[in-house]
*Asks:* 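I am attaching a structure below and will ask some questions about it afterwards.
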Amino acid sequence: MIFDISNPFAVVKKSVIRLGESVANLHVDDGFVYVADENQNLIIVNATNPISPFITGTLLLNATITHDVFVEDKIAFVACGGDGLVFVNVSDPYTPGVINTRTGATIDVQSVTVKNNIAYLAMINHGFMILNVTDPISEEIIFENDDGSTVNQVEIEDDIIYLAKNTDGIAIYNISDISSPIAKGSFDNGGIALDIASKEELIYVADERDGVEILNITNLDVPVLVSTIETSFDGWVTGIKLNGDSLYFIDAPNGLLGYNISDASSPNKVLAYGIIGYAFDLAIGEDVAFISNGNITLSTVDVQNPNSPLGLGQWDGYTFTTQIEYYESYVYVLDMTGILIFDIANPLFPQLIMNITSIGYTSSFCISNDILYVLEAENLQIMNIADPTMITVYSTYTDLDDSLRDIQVFNEIIYLLDTTYTVHILDASNLNDINAINSYKTLSYTEKMYSYLDLLFLSSDDLLEVVDISDVSNPTYASNFTGLNSWRIEDIAIQDSLLYVALGFNGLKVLDVRSAYSIEEIGSFSAGEIDYFYGVEVIDNTVYIASGFGGLRIALIYPDLDPLPENSPTTTPPESIILPGFRILAFTAGLAFLVTLVIIKKRRN
């Protein structure tokens, strides 16, 4: 991903180019980007025009893994772990070629930095090494410090090198005599230093879970902590760069963050650009997916092309968010403070226009016909959102004794689910005077409700209960489905008499509910090894899944259903419900999946 950072307050993404399987690191030189792909490759990208980058060359290295790359004088130095340091001639970026490899018993190269024909190698379990690479064909060792430690990165400034170490924080060496470095001070707060950057009398340390530490090294023997930039929920810093008075770093899985560091004692955040984060729920509107996150409040993704979705922007309020809904060109997000409303006319820069602060714990909300229904503890708040910038309160319904869990509203009827196995049915024809109609006792402890036509679907762990609400004054049990083989139902989407059920680690199952008395599973979709399917939305033949650390997954699905059995009733007798409006697409068995999997953001272990 390439960004224009000429204005740190308004960073603009210029382009995205898909590369190998797992990009580990990169180096930029003269408009060309040299990429270390973990699957043994060196990839060269011409980015002289940042709007339209293209690959010029790919070189498969004789190595198990590729960690890092650094380029100087048209030589790419590639860190390949235990397979050593590989020297690649890149004078012609279209035909790169290996010219030498430095190997050895103590060489397990994590990263490499080169300055004035001197290479500094950060080793795994072997400290660091300094090489003279003036002649890359016959390089020679100048100094080796094999102290058994793991060094993740080396930063060089004048006659000083700074080491980011795996277990001992940072270490400082004076290299005025490069053949005999002198150990100076160190700083260790118990974290894992993954990267380091220096500027004048300050160094900036990417310290994984502990954020970014800013140290004053006026006295090289005694580094002093100036300030710390904390990362948001579950964040960890993996890379760091300086540009003038701006500090940029990757806060995985939150994305790209930027701070103004003109006052190092009080860094000021100027940029937060997330890709996905830890996805809990999503909503779709106008070819954009809006994703609520455990660690980023709101992320936006362009999904016009399901095969190549693009991260657009984010709004990061450092709040834990769950439910999200798209309504009339605005996005509503439930977080720990209440409900946030965003103007997403420009999805690159979502604008917070309203924060409806809750008076109690907000568990869920629902939007119907310009009305926002909010569950707060034992109360139902009803608000007019015809103009989201000027919200007015209709009324508050308080005639309940138990905490509310979920809500559905349609046909001027409100369905409230509480914690005592009860669905309360309310008449909402007059929003200033809500009246109870009836209630329904569920089979078990129910967590969420979903409505479709004259049916309510109630989820409790792995049980799906179906209720006939064609007569709201007399709701009746229809059936239940226990074949989900999962410990928890996370979310359901409904389209054309098909239920798409998100089941956490158990992936996604698709149920045929044309007959509510005879539900059948007709398809499934695996969550993979690390994904956890939280939220699901279906638009036409496209299924969008909020998948925890998997981010956003997109599947294109074309259902082919058998017709209902001949003895299925065509009308609705007491013992059966046939959902209207379903068009049979084909007369072949099963559900055919044409699947496109897309992982926008993957957490790196």
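All heavy atoms count here, side chains included; hydrogens, waters and symmetry mates do not. If you're wondering where the values come from, they're calculated on a predicted model, not measured in any experiment.
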*Asks:* Do the side chain of D540 and the main chain of T542 share a donor and acceptor less than 3.5 angstrom apart?
*Replies:*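 No, the answer is negative, given that no donor and acceptor are paired below the 3.5 Å cut-off.
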*Asks:* Keeping to residues at least two apart or across chains, list the ring pair (Phe, Tyr, Trp, His ring centres under 6.0 Å) pairs with something in residues 402-421.
*Replies:*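 Residue pairs passing ring pair (Phe, Tyr, Trp, His ring centres under 6.0 Å), neighbours aside: F410-Y415.
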*Asks:* Any side-chain heavy atom of L282 sitting closer than 4.5 Å to one from L552?
*Replies:*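 In contact.
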*Asks:* Measure the spacing between CE of M449 and CD of E465 and express it to the nearest 0.5 Å.
*Replies:*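 Reported to 0.5 Å precision, the distance equals 12.0 Å.
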*Asks:* Any chance you could measure Y500, atom OH, to S524, atom OG, to the nearest 0.5 Å?
*Replies:*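 Between Y500 OH and S524 OG, I get 13.0 Å after rounding to 0.5 Å.
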*Asks:* Check residues 422-434 and write down every donor-acceptor pair under 3.5 Å in which the side-chain atom is one partner and the other belongs to a residue at least two apart or another chain.
*Replies:*
unit_1 : atom_1 : unit_2 : atom_2 : d
T422   : OG1    : T420   : O      : 3.1
T422   : OG1    : T420   : OG1    : 3.3
T422   : OG1    : K441   : NZ     : 2.9
H424   : NE2    : D418   : OD2    : 2.8
D427   : OD1    : S429   : N      : 2.9
D427   : OD1    : S429   : OG     : 2.9
D427   : OD2    : S429   : OG     : 3.4
N430   : OD1    : N432   : N      : 3.0

*Asks:* Please report the closest heavy-atom contact between I494 and Y450, naming both atoms and the distance.
*Replies:*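 Heavy-atom minimum between the residues: CD1-CB, 4.1 Å.
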*Asks:* How about F457 and Q408: do any of their side-chain heavy atoms sit closer than 4.5 Å?
*Replies:*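 SC-SC contact between F457 and Q408 ruled out.
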*Asks:* Which pair of non-hydrogen atoms, one from D281 and one from G535, has the smallest distance, and what is that distance?
*Replies:*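 The pair with the smallest heavy-atom distance is OD1-CA, 4.0 Å.
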*Asks:* Using the rule given for side chain to side chain donor-acceptor pair (under 3.5 Å), can you reason through D335 versus T337, listing the C-alpha separation, both sets of side-chain angles and the distance that settles it, and then say yes or no?
*Replies:* CA-CA 5 Å; D335 77 350; T337 66; 2.7 Å; yes
*Asks:* State whether the side chain of D471 and the backbone N or O of S473 hold a donor-acceptor pair below 3.5 Å, judged by distance alone.
*Replies:*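 Such a contact is found between D471 side chain and S473 backbone.
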*Asks:* Say whether, by atom type as modelled, one donor and one acceptor occur between the side chain of Y330 and the main chain of P388 under 3.5 angstrom.
*Replies:*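 It does not hold such a pair.
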*Asks:* Nearest 0.5 angstrom please: L26 CG to L19 CG, how far?
*Replies:*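 Reported to 0.5 Å precision, the distance equals 9.0 Å.
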*Asks:* May I ask you to decide if I192's main-chain N or O and D207's side chain share a donor-acceptor pair within less than 3.5 Å?
*Replies:*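 Pair found, side chain donor or acceptor close to backbone of I192.
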*Asks:* Mind checking the CG-CD1 spacing from L380 to I414? Nearest 0.5 Å is all I need.
*Replies:*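 Separation between the atoms: 5.5 Å.
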*Asks:* Taking atom CG of D387 as the centre, does the number of heavy atoms from other residues, nucleotides or ligands within less than 6.0 Å exceed 12?
*Replies:*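 Buried by this count: over 12 neighbours within 6.0 Å.
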*Asks:* Taking N25 for its side chain and H67 for its backbone only, find out whether a donor-acceptor pair lies under 3.5 Å.
*Replies:*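 Judged by distance alone, no pair lies under 3.5 Å.
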*Asks:* Under the criterion side-chain contact (heavy atoms from CB on, under 4.5 Å), I'd like the reasoning laid out for L334 against T321: C-alpha separation, chi angles, the key distance, then a yes or no.
*Replies:* CA-CA 6 Å; L334 175 62; T321 60; over 6 Å; no
*Asks:* Using a cut-off of 6.0 Å, state whether more than 12 heavy atoms not belonging to N411 lie near its atom CG.
*Replies:*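 No - once you tally the heavy atoms of other residues, nucleotides and ligands closer than 6.0 Å, there are 12 at most.
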*Asks:* Less than 6.0 Å separating the ring centroids of Y532 and Y534?
*Replies:*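 Ring centroids of Y532 and Y534 are less than 6.0 Å from each other.
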*Asks:* Ignoring hydrogens and geometry, is there a side-chain-to-backbone donor-acceptor pair from T300 to P347 under 3.5 Å?
*Replies:*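 Between the backbone of P347 and the side chain of T300 there is a qualifying donor-acceptor contact (under 3.5 Å).
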*Asks:* Checking F342 now: which residues fulfil ring-ring contact (aromatic ring centres under 6.0 Å, His included) with it, not counting sequence neighbours?
*Replies:*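 Result, ring-ring contact (aromatic ring centres under 6.0 Å, His included) vs F342: W315.
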*Asks:* If the condition is ring-ring contact (aromatic ring centres under 6.0 Å, His included), which residues does Y326 pass it with, not counting sequence neighbours?
*Replies:*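 Checked Y326 against ring-ring contact (aromatic ring centres under 6.0 Å, His included); matches are F290.
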*Asks:* Going by heavy atoms in the side chains, are E520 and L511 under 4.5 Å from each other?
*Replies:*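 Result no, sub-4.5 Å side-chain heavy-atom pair not found.
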*Asks:* Output all residues satisfying side chain to side chain contact (heavy atoms under 4.5 Å, CB included) with E325, sequence neighbours left out; order by chain, then residue number.
*Replies:*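 Checked E325 against side chain to side chain contact (heavy atoms under 4.5 Å, CB included); matches are Q323, F365, I367.
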*Asks:* Go through D370 and Y327 one step at a time and tell me if the side chain to side chain donor-acceptor pair (under 3.5 Å) criterion holds.
*Replies:* CA-CA 9 Å; D370 290 341; Y327 182 77; 2.9 Å; yes
*Asks:* Is a side-chain N or O of Y397 found less than 3.5 angstrom from the main chain of L400, in a donor-acceptor match?
*Replies:*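 Answer holds: no.
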*Asks:* If the condition is side chain to side chain contact (heavy atoms under 4.5 Å, CB included), which residues does S460 pass it with, not counting sequence neighbours?
*Replies:*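 Residues passing side chain to side chain contact (heavy atoms under 4.5 Å, CB included) with S460: S444, T446, L463.
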*Asks:* Checking L375 against L416 for the side-chain contact (heavy atoms from CB on, under 4.5 Å) test, could you report, in this order, the C-alpha distance in whole Å, the side-chain angles of both residues, the deciding distance, and whether it holds?
*Replies:* CA-CA 9 Å; L375 302 187; L416 295 179; 3.6 Å; yes
*Asks:* Sub-3.5 Å donor-acceptor pair from the side chain of D512 to the main-chain atoms of R514, do we have one?
*Replies:*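 Pair found, side chain donor or acceptor close to backbone of R514.
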*Asks:* Checking S364 against D406 for the side chain to side chain donor-acceptor pair (under 3.5 Å) test, could you report, in this order, the C-alpha distance in whole Å, the side-chain angles of both residues, the deciding distance, and whether it holds?
*Replies:* CA-CA 6 Å; S364 184; D406 202 6; 3.0 Å; yes
*Asks:* Would you call L257 and I250 a side-chain contact if the rule is heavy atoms closer than 4.5 Å?
*Replies:*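 L257 does not reach I250 side chain to side chain.
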*Asks:* Which is it for I391 and M354 under the side-chain contact (heavy atoms from CB on, under 4.5 Å) test, yes or no, and what are the steps along the way?
*Replies:* CA-CA 9 Å; I391 293 176; M354 181 66 66; 3.9 Å; yes
*Asks:* Once rounded to the nearest 0.5 Å, what's the spacing between atom OH of Y373 and atom CG of L404?
*Replies:*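 Separation between the atoms: 15.0 Å.
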*Asks:* Any side-chain heavy-atom pair from R405 and E447 closer than 4.5 angstrom?
*Replies:*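 In contact.
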*Asks:* For a quick test of reading the model, state the closest non-hydrogen atom pair linking L503 to S486 and the distance between them.
*Replies:*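 Nearest heavy atoms, L503 then S486: O-OG, 3.4 Å.
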*Asks:* Run T66 and N39 through side-chain contact (heavy atoms from CB on, under 4.5 Å) and show every step you take.
*Replies:* CA-CA 6 Å; T66 304; N39 288 344; over 6 Å; no
*Asks:* Could you tell me if the side chain of I356 sits less than 4.5 Å from the side chain of L372, heavy atoms only?
*Replies:*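 Yes, close enough: below the 4.5 Å cut-off.
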*Asks:* Side chains of V466 and I519, heavy atoms from C-beta outward: is any pair under 4.5 Å?
*Replies:*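 Yes; the side chains approach each other to less than 4.5 Å.
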*Asks:* Minimum heavy-atom separation for S451 to L456, with atom names?
*Replies:*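 Here S451 and L456 meet closest at CB-CD2, 4.0 Å.
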*Asks:* Determine the minimum heavy-atom distance between D468 and A478, stating which atoms define it.
*Replies:*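 Reported closest heavy-atom pair: N-CB, 4.4 Å.
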*Asks:* Any sub-3.5 Å donor-acceptor pair from N355's side-chain atoms to L340's backbone N or O?
*Replies:*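 Not a single qualifying donor-acceptor pair exists.
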*Asks:* Verify, without hydrogens or angle tests, whether Q351 (side chain) and F349 (backbone) share a donor-acceptor contact under 3.5 angstrom.
*Replies:*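 Yes; at least one donor-acceptor contact below 3.5 Å.
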*Asks:* Which pair of non-hydrogen atoms, one from A546 and one from A279, has the smallest distance, and what is that distance?
*Replies:*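 It is CB-CB, 3.9 Å.
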*Asks:* Within a radius of less than 6.0 Å around CG of N369, do more than 12 heavy atoms belonging to other residues, nucleotides or ligands occur?
*Replies:*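 Open: at most 12 neighbouring heavy atoms sit under 6.0 Å from CG of N369.
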*Asks:* What's the separation between atom CD in E376 and atom CD1 in I339, rounded to the nearest 0.5 Å?
*Replies:*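 One finds 7.5 Å between CD of E376 and CD1 of I339.
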*Asks:* Taking side chain as C-beta onward, heavy atoms only, is F525 less than 4.5 Å from I545?
*Replies:*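 With C-beta onward as the side chain, the pair touches.
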